[in-house]
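Naming convention: chains lettered A, B, ... in sequence-line order (proteins, then strands); numbering from 1 in each chain. Since we're looking at a predicted model, the values are computed, not measured. Because only heavy atoms are used, hydrogens play no part in the values below, and waters and symmetry mates are left out as well, while side chains stay in.
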Amino acid sequence: MKEYIEAAIAGVCKELFGVDVRVDLTRPDEQFGDFATNAALQLAKQVNKNPREVAEQIADHLKAQLGDKVAEVTIAGPGFINIKLSDSALVELAETKPDKKYDGKQVVSEYSDPSAFKVLHAGHLYTSVVGDAISNLLENAGGKVHRVNFGGDVGRHVAITMYAILRDLGGEHPEKLAEIPDDQHADWMSARYVEGNTAFEDDDQVKAEVTELNKRLYHLFTDNDHDSPFAQIYWTCRKWSYDYFDAFYARIGSHFEKYYPESETAPIGLATVKEQLAKGVYQESDGAVIFDGEKYGLHTRVFINSQGLPTYEAKDVGLIMKKWDDYHFDFSLILTDNAQGDYMTVVLKSIEQFAPELANATKHLTHGRVKLAGGVKMSSRKGNIVRAVDVLDIAEEVYKSTMGRDDEQAVLGAVKYAFLKQRLGADIIYDPKESVSLEGNSGPYVQYAHARARSILTKAETGDSKIENLGEGERSLLRKLSEYSDVIDKATNEFMPHHICTYLYELAQVFNRFYEKNRVIGDDRQAVRLQLVSRYADVLKNGLSLLGISAPDKM
RNA sequence: GCGCGUGUAGCUCAGCUGGAUAGAGCGUCGGCUUGCGGAGCCGAAGGUCGUAGGUUCGAAUCCUGUCACGCGUACCA
């Protein structure tokens with residue numbers, strides 16, 4: 001429908017003025033119409049005429065050409081042409097489905113990326129929620145989406161934790177791990193990480209020990225050591241970490257197809273970087289292997305350190321190679337904190353030198369940080385952090401105290417929506433109380449709107465009689481519903497789920513206004529109105545599900 | 001220093017491939033009220049869109065300078 005009208009306008013412009021115009025139909029304020037174009041304003045300059053005059057000529061021809069598709073074509077402001085569709089055309093427009101931009105494509109979506117041995121903090125919750133939503137969008141657009149997770153199970157942070165663990169156990173005594181209660185595994189390890197960091201920061205002796213431990217960690221893999229006391233401690237704690245991750249993802253409804261632990265990508269990265277070192281992509285410098293990003297206006301980074309160990313850079317190179325081996329992706333998405341922006345640009349630039357098809361099919365998306373209202377910083381090294389579960393628990397408490405009951409789905413919806421409704425990129429301020437507010441633009445509001453609509457639908461059978469002769473409120477609702485596919489396309493193309501939140505909230509508002517004045521059950525218009533309510537409920541449900549939020553029929 | 005990002009109402013944010021009176025929510029003030037689920041609806045107050053220029057018929061949106069904050073800038077991730 002949209003394309004049809006755009007083509008019609010372009011045709012009229014060509015016919016009247018002999019000029020090719022790139023017509024861009026926009027959705028104006030409802031008071032102006034369903035579609036608007038500034039074609040006349042563009043043309044006026046080219047043909048040296050008054051914009052309004054040009055607009056009037058176009059409007060006249062357009063109305064004749066579009067016939068029964070339009071109710072009226074009007075001119076407003078400096079020369080905008082506003083088009084109001086006929087009811088039947090609006091009904092047709094509302095049938096539009098989102099684009100299948102990724103139809104049949106193999107897509108790898110990497111996000112969340114927690115590090116083994118470390119605690120999951122509010123940022124992990126945020127990035128998981130956003131990653132889920134974006135992955136849902138890609139899937140909705142026809143992609144075969146593989147959700148994967150990358151995380152450090154080797155490297156300095158693990159060595160630091162192992163240092164403190166060994167100290168706590170009084171040496172390499174794996175049997176002592178049994179003394180730690182099952183439900184305290186994760187907390188115990190994150191406490192060790194904080195301790196280890198403190199010791200590491202102000203003691204050179206500890207630094208040396210940690211460096212040594214780090215080497216031993218890599219040897220566990222190269223030697224396939226599962227039996228030495230040191231190995232037993234490592235593997236036990238590592239499993240505790242992954243169990244802890246699994247439990248968390250289950251709680252928030254995230255599902256990953258695969259974990260890529262760094263221990264798995266490190267050897268691939270190391271081999272690849274060494275191979276490309278020989279071909280001149282990477283260089284040796286001060287005993288380390290680097291990529292000279294400055295040649296490309298970027299900065300230089302170390303891929304293999306002077307100990308011969310792969311850094312995160314090399315592990316990421318290995319990861320991309322591994323993903324390619326596993327999926328032969330058409331598109332690969334990586335979602336991280338924006339602190340990694342420049343870093344990833346360098347890594348991808350280096351890969352571009354020897355595997356351009358992989359680098360070019362990879363998109364690095366970044367988001368801001370979750371900050372606590374009041375400006376408290378979060379650092380897992382210092383331990384003064386808000387854990388991911390704290391965010392959920394606090395939300396649960398607030399919900400319970402305001403509503404007087406528990407509702408797991410509403411709480412999860414509230415937190416996810418609070419994170420998703422903001423545009424990706426900038427930091428987000430998380431206020432444990434306000435962001436979970438149940439009024440206004442919130443998850444529970446939209447969920448409730450859905451439950452309310454479903455409740456109406458249970459009271460009478462919805463038929464399929466023709467939707468026509470729309471009243472004011474009915475038309476506003478259908479008009480808003482007709483925007484849905486555009487919104488999904490935009491969110492998908494821009495990787496910006498917040499567009500969906502904005503839309504669903506606006507839609508619910510339009511419905512509430514309609515509902516305030518129009519009776520559904522028992523009215524002469526019941527048949528038509530029930531269908532509108534049904535479509536409305538379906539759009540809410542579909543939109544929420546793309547956001548990873550449930551849409552219960554009752555709340 | 002250089003690079004990237006962000007600065008819109010008291011607070012939290014939409015709007016940013018230039019367009020019509022800059023929009024929401026929260027908060028404040030005032031109405032509706034036993035409703036087909038009021039977690040709602042209607043209204044009011046509240047903004048030099050950080051700042052100074054530039055481009056344009058038209059700038060919150062594009063360009064340049066500048067200020068503020070955040071992040072990054074070789075062996076952490």
Could you measure between the two [atom1] atoms, the one in [N] and the one in [M], and give it in whole Å?
{"N": "B/rA59", "M": "B/rA20", "atom1": "P", "answer": "10 Å"}
{"N": "B/rU28", "M": "B/rU21", "atom1": "C1'", "answer": "24 Å"}
{"N": "B/rG40", "M": "B/rG25", "atom1": "P", "answer": "10 Å"}
{"N": "B/rC11", "M": "B/rG27", "atom1": "P", "answer": "16 Å"}
{"N": "B/rU8", "M": "B/rG50", "atom1": "C1'", "answer": "10 Å"}
{"N": "B/rC49", "M": "B/rG23", "atom1": "P", "answer": "14 Å"}
{"N": "B/rC71", "M": "B/rA77", "atom1": "C1'", "answer": "14 Å"}
{"N": "B/rA60", "M": "B/rG7", "atom1": "P", "answer": "15 Å"}

Within the structure shown, what part of the strands sits under 4.0 Å from [X] by heavy-atom distance: base, sugar-phosphate, or nothing?
{"X": "A/Tyr312", "result": "base"}
{"X": "A/Tyr399", "result": "base"}
{"X": "A/Ala44", "result": "nothing"}
{"X": "A/Glu262", "result": "sugar-phosphate"}
{"X": "A/Arg405", "result": "base"}
{"X": "A/Gln447", "result": "nothing"}
{"X": "A/Thr311", "result": "sugar-phosphate"}
{"X": "A/Gln31", "result": "base"}
{"X": "A/Asp553", "result": "base"}
{"X": "A/Thr502", "result": "sugar-phosphate"}

Can you tell me which nucleotide in [options] comes closest to the side chain of [X]?
{"X": "A/Asp342", "options": "B/rC4, B/rG25, B/rC13", "value": "B/rC4"}
{"X": "A/Asn305", "options": "B/rG37, B/rC76, B/rG15", "value": "B/rC76"}
{"X": "A/Asp427", "options": "B/rG40, B/rG70, B/rA77", "value": "B/rG70"}
{"X": "A/His499", "options": "B/rG15, B/rA74, B/rC41", "value": "B/rG15"}
{"X": "A/Asp286", "options": "B/rA39, B/rC75, B/rC41", "value": "B/rC75"}
{"X": "A/Tyr448", "options": "B/rA39, B/rA74, B/rA77", "value": "B/rA39"}
{"X": "A/His157", "options": "B/rA77, B/rG70, B/rG72", "value": "B/rA77"}

### Query
Just wondering, do A/Leu504 and A/Leu547 contact through their side chains at under 4.5 Å, heavy atoms?
yes
### Task
Answer yes or no: is there a side-chain heavy-atom contact under 4.5 Å between A/Ile58 and A/Cys13?
yes
For [X] and [N], give me the distance from atom [atom1] to atom [atom2], rounded to whole Å.
{"X": "A/Asp337", "N": "B/rC71", "atom1": "CG", "atom2": "P", "answer": "10 Å"}
{"X": "A/Tyr343", "N": "B/rC4", "atom1": "OH", "atom2": "C1'", "answer": "17 Å"}
{"X": "A/Lys421", "N": "B/rU12", "atom1": "NZ", "atom2": "C1'", "answer": "7 Å"}
{"X": "A/Glu506", "N": "B/rG15", "atom1": "CD", "atom2": "P", "answer": "10 Å"}
{"X": "A/Leu424", "N": "B/rU6", "atom1": "CG", "atom2": "P", "answer": "12 Å"}

#### Entry: Pairs touching residues 500-524 of chain A that satisfy salt bridge (Lys or Arg N to Asp or Glu O under 4.0 Å), sequence neighbours left out
A/Lys480-A/Glu506, A/Asp523-A/Arg529
Go through the structure and list residues passing ring pair (Phe, Tyr, Trp, His ring centres under 6.0 Å) with [X], not counting sequence neighbours.
{"X": "A/Phe200", "value": "none"}
{"X": "A/Phe80", "value": "none"}
{"X": "A/Tyr399", "value": "none"}
{"X": "A/Tyr244", "value": "none"}

### Query
Taking NZ, NE, NH1 and NH2 as the nitrogens, is one of them in A/Asp34 or A/Arg475 under 4.0 Å from a carboxylate oxygen of the other?
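Between A/Arg475 and A/Asp34 there is a salt bridge, with a charged N closer than 4.0 Å to a carboxylate O.
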Protein-nucleotides 18-20 of chain B N/O pairs under 3.5 Å:
residue	atom	partner	partner atom	Å
B/rG19	N7	A/Asn38	ND2	2.9
B/rA20	N6	A/Asn82	OD1	3.0
B/rA20	N1	A/Asn82	OD1	3.2
B/rA20	N1	A/Asn82	ND2	2.9

With sequence neighbours left out, what residues match [X] under salt bridge (Lys or Arg N to Asp or Glu O under 4.0 Å)?
{"X": "A/Asp20", "result": "A/Lys14"}
{"X": "A/Lys400", "result": "A/Asp406"}
{"X": "A/Arg525", "result": "A/Glu474"}

### Task
Give a yes-or-no answer on whether the side chains of A/Tyr296 and A/Gln353 include a donor-acceptor pair shorter than 3.5 Å.
yes
### Query
Side chains of A/Asp316 and A/Tyr343: is there a donor and an acceptor less than 3.5 Å apart?
yes
### Of residues 511-520 of chain A, the positions that come close to RNA chain B - non-hydrogen atoms, cut-off under 4.0 Å
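Within residues 511-520 of chain A, the residues near RNA chain B are A/Asn512, A/Arg513, A/Tyr515, A/Glu516, A/Asn518, A/Arg519, A/Val520.
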### Message
Check the orientation of A/Tyr234 and A/Phe117. Use parallel for under 30°, tilted for 30 to 60°, and perpendicular for over 60°.
### Response
parallel
### Query
5'-most contact on RNA chain B: A/Ser455 or A/Ile290, nearest heavy atom basis?
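Between the two, 5'-proximity favours A/Ser455.
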Does [N] have its OP1 or OP2 closer than 4.0 Å to a side-chain nitrogen or oxygen of [X]?
{"X": "A/Arg301", "N": "B/rU73", "result": "yes"}
{"X": "A/Gln283", "N": "B/rA74", "result": "no"}
{"X": "A/His299", "N": "B/rC4", "result": "no"}
{"X": "A/Arg369", "N": "B/rG5", "result": "no"}
{"X": "A/Lys459", "N": "B/rG37", "result": "yes"}
{"X": "A/Lys315", "N": "B/rA77", "result": "yes"}

### side chain to side chain donor-acceptor pair (under 3.5 Å) contacts in which one or both residues fall within residues 530-541 of chain A, not counting sequence neighbours
A/Glu95-A/Arg535, A/Arg454-A/Asp538, A/Ser465-A/Gln531
### Query
What dot-bracket string describes RNA chain B from 5' to 3', counting Watson-Crick and G-U wobble pairs whose defining distances are under 3.5 Å, with [ ] for crossing pairs and | for pairs to another strand?
(((((((..((((.....[...)))).(((((.......))))).....(((((..]....))))))))))))....
